[in-house]
Amino acid sequence: MNVDERMITYIRSLDRGENERLRSIEQEAVKDHVPIIRKETAGLLKVLLRMQKPEKLLEVGAAVGFSSILMSEYIEPGATITTIEKFEPRIIKAKENIKKAGKMDVITLLEGDALEILKGLEPSYDFIFMDAAKGQYIHFLPEVLRLLAPGGTLVSDNVLQDGDIVQSRYAVTRRNRTIHSRMRDYLWELKHNDALETVILPVGDGMTISTKLTAPAPEGV
Ligand SMILES: C[S@@+](CC[C@H](N)C(=O)[O-])C[C@H]1O[C@@H](n2cnc3c(N)ncnc32)[C@H](O)[C@@H]1O
């Protein structure tokens, strides 16, 4: 992303950091090339959770459990997190990490393809974090909107694709063109769906924050 590296380094230098358990999960994930949320993404999530105090959270894309364990540190007692992962080696690791972190009564890991799993979930969740395959966000969206409570928050990560999103599709490598056009469709939908108010932020690899309206937006807004 086109944000001054020195600025990012400076902002990161002010971070208080996480507890030892989270630090070790993070280090292992980096070593094993498991993609996990960036520090800036974590920072924004933490503030949103403190502000909104959600009781029922849903995450699409658990990987090894880093972000769900992190979020569990910033929610109120009694709040729960359901997270979804389909890649077997990561499921095994996520279960291990959740257990070691002592979060088995807070975090439920659902195993399988999110598209199928989402269809079987009952509304409603007051905070949903979308962090799975970028090309599938647009396909997850109808189920995610069904599951999101009015007044609830949807946060989506990696939406600006290291800046590729502003490139013409021909300037994007052929391999990434489908993801590029699907992510553009996703962002358009988030910004134009009458049920949502959305901001797109150049934080981390690009994040959106959407709130599901409790009443339809007035005409022309
Ligand atoms: C960016 S990683 C998630 C990182 C995690 N949220 C964190 O920060 O600790 C995305 C994960 O989504 C999983 N994933 C991708 N598509 C999926 C799908 N359709 N259903 C379930 N999991 C999926 C991938 O296997 C991968 O582990």
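Here the structure is a predicted model, which means the values were calculated and not measured. Every number for a ligand or one of its atoms is a count from 1 in the order of the listing.
Polar contact check, Asn158 against ligand 1: no nitrogen or oxygen pair lies under 3.5 Å apart. Between Phe129 and ligand 1, a contact under 3.5 Å exists for no N or O pair. Ligand 1 has an N or O atom lying under 3.5 Å from an N or O atom of Arg90, backbone or side chain. Looking at Ala114 next to ligand 1, an N or O pair under 3.5 Å apart turns up.
Close approach of ligand 1 to Gly112 (heavy-atom distance below 4.0 Å) involves ligand atoms 20 (N), 21 (C). Atoms of ligand 1 lying under 4.0 Å from at least one heavy atom of Phe87, given by number and element, are 25 (O). For ligand 1, the atoms lying closer than 4.0 Å to a non-hydrogen atom of Phe66 are 9 (O). Less than 4.0 angstrom separates some heavy atom of Phe140 from each of these atoms of ligand 1: 19 (N). Per-residue contacts place Ala133 under 4.0 angstrom from the following atoms of ligand 1 (heavy atoms of the residue considered): 15 (C), 16 (N). Annotation for ligand 1: atoms under 4.0 Å from non-hydrogen atoms of Ser67 are 5 (C), 6 (N), 7 (C), 8 (O), 9 (O). Every atom of ligand 1 is numbered from 1 in the order shown, and the set under 4.0 Å from a heavy atom of Ile37 is 7 (C), 8 (O).
The nearest protein atom to atom 24 (C) of ligand 1, hydrogens excluded, is given as Glu85 OE2, 3.4 Å; this is a heavy-atom distance. Scanning all protein heavy atoms for the shortest distance to atom 19 (N) of ligand 1 gives Gln136 OE1, 2.9 Å. For atom 22 (N) of ligand 1, the closest non-hydrogen atom on the protein side is Lys86 N, 3.3 Å. Atom 10 (C) of ligand 1 has as its closest protein heavy atom Asp131 O, 3.1 Å. The nearest heavy-atom contact from the protein to atom 14 (N) of ligand 1 is Ala132 CB, 3.9 Å. Atom 2 (S) of ligand 1 has as its closest protein heavy atom Pro35 O, 3.5 Å.
Only the backbone of Ala62 comes within 4.0 Å of ligand 1, counting heavy atoms alone; no side-chain atom from C-beta on gets that close.
Ser210 and Thr198 are linked by a side-chain donor-acceptor pair at a separation below 3.5 angstrom, with hydrogens and angles left out of the test. Under the 3.5 Å distance criterion, with hydrogens and angles disregarded, a donor-acceptor pair is assigned to the side chains of Thr153 and Gln52. In the model, Thr208 has a side-chain atom that pairs as donor or acceptor with a side-chain atom of Ser156 under 3.5 Å. For the residue pair Ser67 / Glu59, a side-chain donor-acceptor distance below 3.5 Å is found, with atom types taken as modelled.
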* To do: Mind running salt bridge (Lys or Arg N to Asp or Glu O under 4.0 Å) on Glu40 and Arg12 for me, showing each step along the way?
  => CA-CA 8 Å; Glu40 299 72 37; Arg12 285 188 176 180; 2.6 Å; yes

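Within 6.0 Å of NZ on Lys56 lie more than 12 heavy atoms contributed by other residues, nucleotides or ligands. Environment of CD in Glu55: sparse, with no more than 12 heavy atoms of neighbouring residues, nucleotides or ligands closer than 6.0 Å. Counting heavy-atom neighbours within 6.0 Å of Lys191 NZ, excluding the residue itself, gives a total above 12.
Within the 4.5 Å cutoff, side-chain heavy atoms of Asp131 are placed close to those of Ile37. Taking the side chain as every heavy atom from C-beta outward, Ile69 and Val106 never approach each other to under 4.5 Å.
Separation of atoms CG (Leu22) and CD (Gln27) is listed at 11.0 Å; rounding is to 0.5 Å.
For the pair Lys134 (side chain) and Ala132 (backbone), a donor-acceptor distance under 3.5 Å is present.
Contact annotation: Asp113 has at least one heavy atom less than 4.0 Å from an atom of ligand 1.
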